[in-house]
Protein chains: 2
Amino acid sequence: MLAQDRLTSTFQALADPTRRAILSRLSQGEASVTELAAPFSMSMPAISKHLKVLERAKLISRGKEAQWRPCKLEAAPLEAASNWVEQYRAMWEARFDRLDAYLKEVQAKEGNTTKPRKANGRKKY
Amino acid sequence: MLAQDRLTSTFQALADPTRRAILSRLSQGEASVTELAAPFSMSMPAISKHLKVLERAKLISRGKEAQWRPCKLEAAPLEAASNWVEQYRAMWEARFDRLDAYLKEVQAKEGNTTKPRKANGRKKY
DNA sequence: GCTTTACTTAACCAAATGGTTATATACATT
DNA sequence: AATGTATATAACCATTTGGTTAAGTAAAGC
(Lines give C-alpha, C1' and ligand atoms only; values in the text may rest on other atoms or scores of the structure.)
Protein backbone atom coordinates (compact mmCIF):
# COMPACT_ATOMS: atom_id res chain seq x y z
CA MET A 1 0.00 0.00 0.00
CA LEU A 2 2.16 2.85 -1.21
CA ALA A 3 -0.37 5.02 -3.06
CA GLN A 4 -1.13 7.07 0.03
CA ASP A 5 -3.91 9.52 -0.62
CA ARG A 6 -4.71 12.26 1.83
CA LEU A 7 -7.54 10.51 3.64
CA THR A 8 -5.49 7.35 4.03
CA SER A 9 -2.55 9.12 5.62
CA THR A 10 -4.85 11.22 7.80
CA PHE A 11 -6.78 8.26 9.20
CA GLN A 12 -3.61 6.25 9.52
CA ALA A 13 -2.04 9.06 11.55
CA LEU A 14 -5.13 9.27 13.75
CA ALA A 15 -5.10 5.51 14.33
CA ASP A 16 -2.66 5.73 17.22
CA PRO A 17 -3.51 6.86 20.76
CA THR A 18 -0.12 8.51 21.28
CA ARG A 19 -0.52 10.59 18.15
CA ARG A 20 -4.09 11.51 19.04
CA ALA A 21 -2.90 12.62 22.48
CA ILE A 22 -0.22 14.74 20.83
CA LEU A 23 -2.82 16.39 18.60
CA SER A 24 -5.02 16.89 21.62
CA ARG A 25 -2.18 18.67 23.38
CA LEU A 26 -1.44 20.76 20.29
CA SER A 27 -5.05 21.84 20.01
CA GLN A 28 -4.28 23.99 23.05
CA GLY A 29 -1.30 25.61 21.40
CA GLU A 30 2.21 25.07 20.08
CA ALA A 31 4.67 22.89 21.96
CA SER A 32 8.25 21.71 21.65
CA VAL A 33 9.13 18.07 21.11
CA THR A 34 10.30 17.66 24.70
CA GLU A 35 7.09 19.20 25.99
CA LEU A 36 5.06 16.85 23.81
CA ALA A 37 7.09 13.84 24.93
CA ALA A 38 6.73 14.58 28.66
CA PRO A 39 3.42 12.76 29.32
CA PHE A 40 4.59 9.52 27.71
CA SER A 41 6.82 6.75 29.01
CA MET A 42 8.48 6.48 25.67
CA SER A 43 11.88 7.40 24.26
CA MET A 44 12.41 10.65 22.39
CA PRO A 45 13.09 8.93 19.07
CA ALA A 46 9.70 7.22 19.37
CA ILE A 47 8.02 10.61 19.77
CA SER A 48 10.14 11.96 16.95
CA LYS A 49 8.78 9.22 14.70
CA HIS A 50 5.20 9.91 15.70
CA LEU A 51 5.74 13.58 14.90
CA LYS A 52 7.12 12.63 11.52
CA VAL A 53 3.96 10.62 10.79
CA LEU A 54 1.81 13.57 11.83
CA GLU A 55 3.92 15.91 9.73
CA ARG A 56 3.74 13.66 6.66
CA ALA A 57 -0.04 13.64 7.08
CA LYS A 58 0.14 17.45 7.31
CA LEU A 59 -1.68 17.34 10.63
CA ILE A 60 1.13 19.35 12.17
CA SER A 61 3.77 21.77 10.94
CA ARG A 62 7.05 22.60 12.59
CA GLY A 63 9.08 25.73 13.08
CA LYS A 64 12.66 26.48 14.11
CA GLU A 65 13.54 28.45 17.18
CA ALA A 66 17.15 28.00 18.28
CA GLN A 67 17.44 24.29 19.15
CA TRP A 68 13.67 23.86 19.45
CA ARG A 69 11.33 22.60 16.75
CA PRO A 70 7.94 23.88 17.91
CA CYS A 71 4.99 21.90 16.52
CA LYS A 72 1.59 23.27 15.77
CA LEU A 73 -1.68 21.73 14.71
CA GLU A 74 -2.87 22.08 11.12
CA ALA A 75 -6.59 21.50 10.90
CA ALA A 76 -7.14 21.16 7.14
CA PRO A 77 -6.75 17.35 6.99
CA LEU A 78 -9.00 17.01 10.05
CA GLU A 79 -11.61 18.89 8.12
CA ALA A 80 -11.32 16.57 5.12
CA ALA A 81 -11.50 13.52 7.37
CA SER A 82 -14.51 14.87 9.20
CA ASN A 83 -16.24 15.62 5.91
CA TRP A 84 -15.66 12.10 4.66
CA VAL A 85 -17.05 10.51 7.81
CA GLU A 86 -20.03 12.84 7.92
CA GLN A 87 -20.86 12.14 4.31
CA TYR A 88 -21.38 8.43 4.94
CA ARG A 89 -22.99 8.94 8.28
CA ALA A 90 -25.49 11.19 6.54
CA MET A 91 -26.14 8.61 3.82
CA TRP A 92 -26.69 6.00 6.45
CA GLU A 93 -29.21 8.20 8.23
CA ALA A 94 -30.93 8.98 4.92
CA ARG A 95 -31.44 5.25 4.49
CA PHE A 96 -33.42 5.14 7.71
CA ASP A 97 -35.53 8.04 6.57
CA ARG A 98 -36.24 6.27 3.29
CA LEU A 99 -37.03 3.01 5.08
CA ASP A 100 -39.30 4.90 7.41
CA ALA A 101 -41.10 6.52 4.45
CA TYR A 102 -41.37 3.14 2.74
CA LEU A 103 -42.83 1.46 5.81
CA LYS A 104 -45.42 4.20 6.12
CA GLU A 105 -46.27 3.79 2.45
CA VAL A 106 -46.67 0.02 2.77
CA GLN A 107 -48.73 0.40 5.89
CA ALA A 108 -51.05 2.78 4.00
CA LYS A 109 -52.25 0.21 1.43
CA GLU A 110 -53.78 -2.51 3.60
CA GLY A 111 -53.75 -6.27 3.10
CA ASN A 112 -51.19 -6.46 0.26
CA THR A 113 -49.86 -10.02 -0.09
CA THR A 114 -46.32 -10.66 -1.34
CA LYS A 115 -45.79 -13.71 -3.51
CA PRO A 116 -43.03 -16.03 -2.20
CA ARG A 117 -39.92 -15.27 -4.25
CA LYS A 118 -38.00 -18.00 -6.06
CA ALA A 119 -35.82 -19.97 -3.64
CA ASN A 120 -32.52 -19.29 -5.46
CA GLY A 121 -30.96 -15.96 -6.36
CA ARG A 122 -30.40 -13.67 -3.45
CA LYS A 123 -32.77 -10.79 -2.89
CA LYS A 124 -31.42 -7.42 -3.87
CA TYR A 125 -31.03 -4.97 -1.05
CA MET B 1 0.00 -1.90 20.45
CA LEU B 2 -2.63 -4.35 21.66
CA ALA B 3 -4.80 -2.14 23.87
CA GLN B 4 -7.17 -1.24 21.06
CA ASP B 5 -9.69 1.31 22.17
CA ARG B 6 -12.69 2.14 20.05
CA LEU B 7 -11.27 5.22 18.34
CA THR B 8 -8.05 3.43 17.50
CA SER B 9 -9.77 0.52 15.81
CA THR B 10 -12.19 2.84 14.03
CA PHE B 11 -9.48 5.08 12.57
CA GLN B 12 -7.32 2.09 11.80
CA ALA B 13 -10.20 0.51 9.88
CA LEU B 14 -10.79 3.75 7.99
CA ALA B 15 -7.10 4.04 7.08
CA ASP B 16 -7.43 1.84 4.02
CA PRO B 17 -8.93 2.88 0.68
CA THR B 18 -10.43 -0.55 0.01
CA ARG B 19 -12.22 -0.55 3.35
CA ARG B 20 -13.44 3.01 2.85
CA ALA B 21 -14.79 2.01 -0.58
CA ILE B 22 -16.58 -0.93 1.02
CA LEU B 23 -18.18 1.37 3.59
CA SER B 24 -19.09 3.75 0.81
CA ARG B 25 -20.84 0.94 -1.03
CA LEU B 26 -22.59 -0.16 2.15
CA SER B 27 -23.86 3.33 2.83
CA GLN B 28 -26.21 2.66 -0.09
CA GLY B 29 -27.50 -0.55 1.44
CA GLU B 30 -26.64 -4.11 2.42
CA ALA B 31 -24.49 -6.26 0.17
CA SER B 32 -23.08 -9.77 0.08
CA VAL B 33 -19.35 -10.44 0.26
CA THR B 34 -19.19 -11.30 -3.45
CA GLU B 35 -21.03 -8.11 -4.33
CA LEU B 36 -18.63 -6.11 -2.20
CA ALA B 37 -15.62 -7.83 -3.73
CA ALA B 38 -16.70 -7.23 -7.34
CA PRO B 39 -15.16 -3.75 -7.87
CA PHE B 40 -11.73 -4.81 -6.67
CA SER B 41 -8.95 -6.73 -8.37
CA MET B 42 -8.27 -8.63 -5.21
CA SER B 43 -8.84 -12.19 -4.03
CA MET B 44 -11.88 -13.10 -1.95
CA PRO B 45 -9.81 -13.91 1.15
CA ALA B 46 -8.35 -10.40 0.99
CA ILE B 47 -11.86 -8.94 1.02
CA SER B 48 -12.83 -11.36 3.76
CA LYS B 49 -9.98 -10.01 5.87
CA HIS B 50 -10.98 -6.40 5.23
CA LEU B 51 -14.52 -7.27 6.30
CA LYS B 52 -13.19 -8.84 9.45
CA VAL B 53 -11.32 -5.63 10.27
CA LEU B 54 -14.48 -3.59 9.68
CA GLU B 55 -16.48 -6.02 11.78
CA ARG B 56 -13.98 -5.95 14.64
CA ALA B 57 -14.24 -2.15 14.54
CA LYS B 58 -18.03 -2.57 14.63
CA LEU B 59 -18.32 -0.48 11.48
CA ILE B 60 -20.30 -3.29 9.88
CA SER B 61 -22.43 -6.17 11.08
CA ARG B 62 -23.20 -9.37 9.23
CA GLY B 63 -26.22 -11.59 8.83
CA LYS B 64 -26.81 -15.11 7.58
CA GLU B 65 -29.04 -15.89 4.64
CA ALA B 66 -28.45 -19.37 3.21
CA GLN B 67 -24.85 -19.31 1.97
CA TRP B 68 -24.68 -15.51 1.95
CA ARG B 69 -23.29 -13.29 4.70
CA PRO B 70 -24.92 -9.93 3.99
CA CYS B 71 -23.01 -6.96 5.42
CA LYS B 72 -24.50 -3.73 6.60
CA LEU B 73 -23.06 -0.47 7.80
CA GLU B 74 -23.15 0.41 11.50
CA ALA B 75 -22.77 4.12 11.98
CA ALA B 76 -22.14 4.39 15.72
CA PRO B 77 -18.32 4.26 15.53
CA LEU B 78 -18.38 6.75 12.66
CA GLU B 79 -20.23 9.07 14.95
CA ALA B 80 -17.65 8.69 17.71
CA ALA B 81 -14.82 9.27 15.24
CA SER B 82 -16.52 12.31 13.79
CA ASN B 83 -17.08 13.71 17.26
CA TRP B 84 -13.43 13.28 18.16
CA VAL B 85 -12.22 15.03 15.03
CA GLU B 86 -14.74 17.83 15.36
CA GLN B 87 -13.77 18.41 18.96
CA TYR B 88 -10.17 19.22 18.10
CA ARG B 89 -11.05 21.06 14.95
CA ALA B 90 -13.30 23.25 17.07
CA MET B 91 -10.53 23.86 19.63
CA TRP B 92 -8.20 24.79 16.85
CA GLU B 93 -10.70 27.29 15.48
CA ALA B 94 -11.29 28.67 18.96
CA ARG B 95 -7.56 29.42 19.12
CA PHE B 96 -7.86 31.60 16.05
CA ASP B 97 -10.78 33.43 17.57
CA ARG B 98 -8.77 34.02 20.73
CA LEU B 99 -5.73 35.12 18.74
CA ASP B 100 -7.94 37.41 16.72
CA ALA B 101 -9.39 38.92 19.89
CA TYR B 102 -5.89 39.30 21.34
CA LEU B 103 -4.57 41.03 18.23
CA LYS B 104 -7.47 43.46 18.27
CA GLU B 105 -6.80 44.14 21.94
CA VAL B 106 -3.10 44.77 21.32
CA GLN B 107 -3.87 46.94 18.35
CA ALA B 108 -6.17 49.03 20.55
CA LYS B 109 -3.43 50.26 22.93
CA GLU B 110 -1.03 52.05 20.59
CA GLY B 111 2.79 52.14 20.70
CA ASN B 112 3.36 49.43 23.31
CA THR B 113 6.99 48.30 23.31
CA THR B 114 7.93 44.75 24.28
CA LYS B 115 11.13 44.26 26.24
CA PRO B 116 13.47 41.68 24.64
CA ARG B 117 13.07 38.47 26.62
CA LYS B 118 16.03 36.58 28.08
CA ALA B 119 17.86 34.61 25.38
CA ASN B 120 17.54 31.22 27.07
CA GLY B 121 14.41 29.43 28.20
CA ARG B 122 11.90 28.92 25.48
CA LYS B 123 8.87 31.16 25.36
CA LYS B 124 5.65 29.55 26.50
CA TYR B 125 3.00 29.22 23.83
C1' DG C 1 -25.18 -38.02 -3.77
C1' DC C 2 -22.46 -35.00 -6.51
C1' DT C 3 -21.59 -30.28 -8.07
C1' DT C 4 -21.80 -25.52 -7.73
C1' DT C 5 -21.91 -21.31 -5.15
C1' DA C 6 -20.52 -18.39 -1.27
C1' DC C 7 -17.54 -17.80 1.87
C1' DT C 8 -13.83 -18.80 5.57
C1' DT C 9 -9.53 -20.58 7.33
C1' DA C 10 -4.67 -21.82 7.11
C1' DA C 11 -0.14 -21.14 5.80
C1' DC C 12 2.85 -18.24 3.91
C1' DC C 13 5.31 -13.82 2.53
C1' DA C 14 7.00 -8.94 1.99
C1' DA C 15 6.54 -4.58 3.71
C1' DA C 16 5.13 -1.31 7.17
C1' DT C 17 4.69 -0.03 12.09
C1' DG C 18 6.14 1.09 16.64
C1' DG C 19 9.34 0.56 19.65
C1' DT C 20 14.39 0.27 21.31
C1' DT C 21 19.61 1.96 22.06
C1' DA C 22 23.53 4.30 20.32
C1' DT C 23 25.29 8.01 17.71
C1' DA C 24 25.22 12.51 15.40
C1' DT C 25 23.98 17.42 14.89
C1' DA C 26 23.05 22.05 16.17
C1' DC C 27 22.62 25.74 19.10
C1' DA C 28 23.38 28.12 24.00
C1' DT C 29 25.81 28.77 28.09
C1' DT C 30 29.94 29.07 30.62
C1' DA D 1 36.83 25.52 23.69
C1' DA D 2 34.07 22.53 26.50
C1' DT D 3 29.60 21.26 28.21
C1' DG D 4 24.81 20.83 28.27
C1' DT D 5 20.34 20.84 26.00
C1' DA D 6 17.06 19.75 22.19
C1' DT D 7 16.33 17.00 18.60
C1' DA D 8 17.27 13.84 14.61
C1' DT D 9 19.19 9.72 12.40
C1' DA D 10 20.81 4.93 12.08
C1' DA D 11 20.55 0.31 12.98
C1' DC D 12 18.03 -3.03 14.83
C1' DC D 13 13.97 -5.95 16.30
C1' DA D 14 9.21 -7.93 17.03
C1' DT D 15 4.64 -7.52 15.61
C1' DT D 16 1.09 -6.23 12.49
C1' DT D 17 -0.73 -5.55 7.95
C1' DG D 18 -2.26 -6.63 3.45
C1' DG D 19 -1.81 -9.51 0.12
C1' DT D 20 -1.32 -14.37 -1.98
C1' DT D 21 -2.72 -19.58 -2.99
C1' DA D 22 -4.67 -23.82 -1.41
C1' DA D 23 -7.80 -26.26 1.21
C1' DG D 24 -12.10 -26.52 4.13
C1' DT D 25 -17.16 -25.75 5.21
C1' DA D 26 -21.96 -25.14 4.39
C1' DA D 27 -26.09 -24.57 1.95
C1' DA D 28 -28.68 -25.04 -2.81
C1' DG D 29 -29.55 -27.16 -7.13
C1' DC D 30 -29.46 -30.92 -10.19
Separation of [X] atom [atom1] from [N] atom [atom2], in whole Å?
| X | N | atom1 | atom2 | value |
| --- | --- | --- | --- | --- |
| A:L51 | C:dG18 | CG | C1' | 14 Å |
| B:M44 | C:dT8 | CE | C1' | 9 Å |
| B:I47 | C:dT9 | CD1 | P | 16 Å |
| B:F40 | D:dG18 | CZ | C1' | 14 Å |
| A:R20 | C:dG18 | CZ | C1' | 15 Å |
| B:Q67 | D:dA27 | CD | P | 9 Å |
| A:M42 | C:dG18 | CE | P | 10 Å |
| B:L14 | D:dT17 | CG | P | 14 Å |

Evaluate salt bridge (Lys or Arg N to Asp or Glu O under 4.0 Å) for A:E86 paired with A:R89, printing each intermediate quantity in order.
CA-CA 5 Å; A:E86 278 306 314; A:R89 233 173 56 71; 3.0 Å; yes
Kindly say whether A:R6 contributes a backbone atom to a donor-acceptor pair with the side chain of A:T10 at under 3.5 angstrom?
yes
Which atom of B:A31 lies closest to which atom of B:L26, heavy atoms considered:
N-CD2, 3.8 Å
Quick one: is [N] close enough that its OP1 or OP2 comes under 4.0 Å of any side-chain N or O from [X]?
| X | N | result |
| --- | --- | --- |
| B:R62 | C:dT8 | yes |
| A:Q12 | C:dT17 | yes |
| B:T34 | C:dA6 | no |

Would you kindly say whether B:T8 and A:R20 are connected by a side-chain donor-acceptor distance under 3.5 Å?
yes
At 10 degrees resolution, what angle do the end axes of the helix from C:dG1-D:dC30 to C:dT30-D:dA1 form when each is taken over five base pairs?
10°
Side chain of [X] only, heavy atoms from C-beta on: which candidate in [options] is closest?
| X | options | answer |
| --- | --- | --- |
| B:S43 | D:dT21, C:dC7, D:dC12 | D:dT21 |
| A:R19 | C:dC7, D:dA27, C:dG18 | C:dG18 |
| B:H50 | C:dT20, C:dA6, D:dG19 | D:dG19 |
| A:P45 | C:dT20, D:dG19, C:dC7 | C:dT20 |
| B:K49 | C:dC12, C:dT5, D:dA8 | C:dC12 |

Let me know, please, whether B:K52 or A:S41 comes out on the 5' side of the other along DNA chain C by nearest nucleotide.
B:K52
Do B:M42 and B:H50 pass the side-chain contact (heavy atoms from CB on, under 4.5 Å) test, and can you show the C-alpha distance, the side-chain angles, and the key distance before you say yes or no?
CA-CA 11 Å; B:M42 201 181 288; B:H50 280 305; 4.0 Å; yes
Atom CD in A:E30, atom CH2 in A:W68: separation rounded to 0.5 Å?
14.0 Å
Within this structure, what is the CG-CD1 distance for the pair A:D16 and A:I22, rounded to the nearest 0.5 Å?
8.0 Å
Sugar-phosphate, base or nothing in reach of A:A66, heavy atoms under 4.0 Å
sugar-phosphate
Any chain of hydrophobic side-chain contacts (each under 4.5 Å) joining A:V53 to A:I60?
no
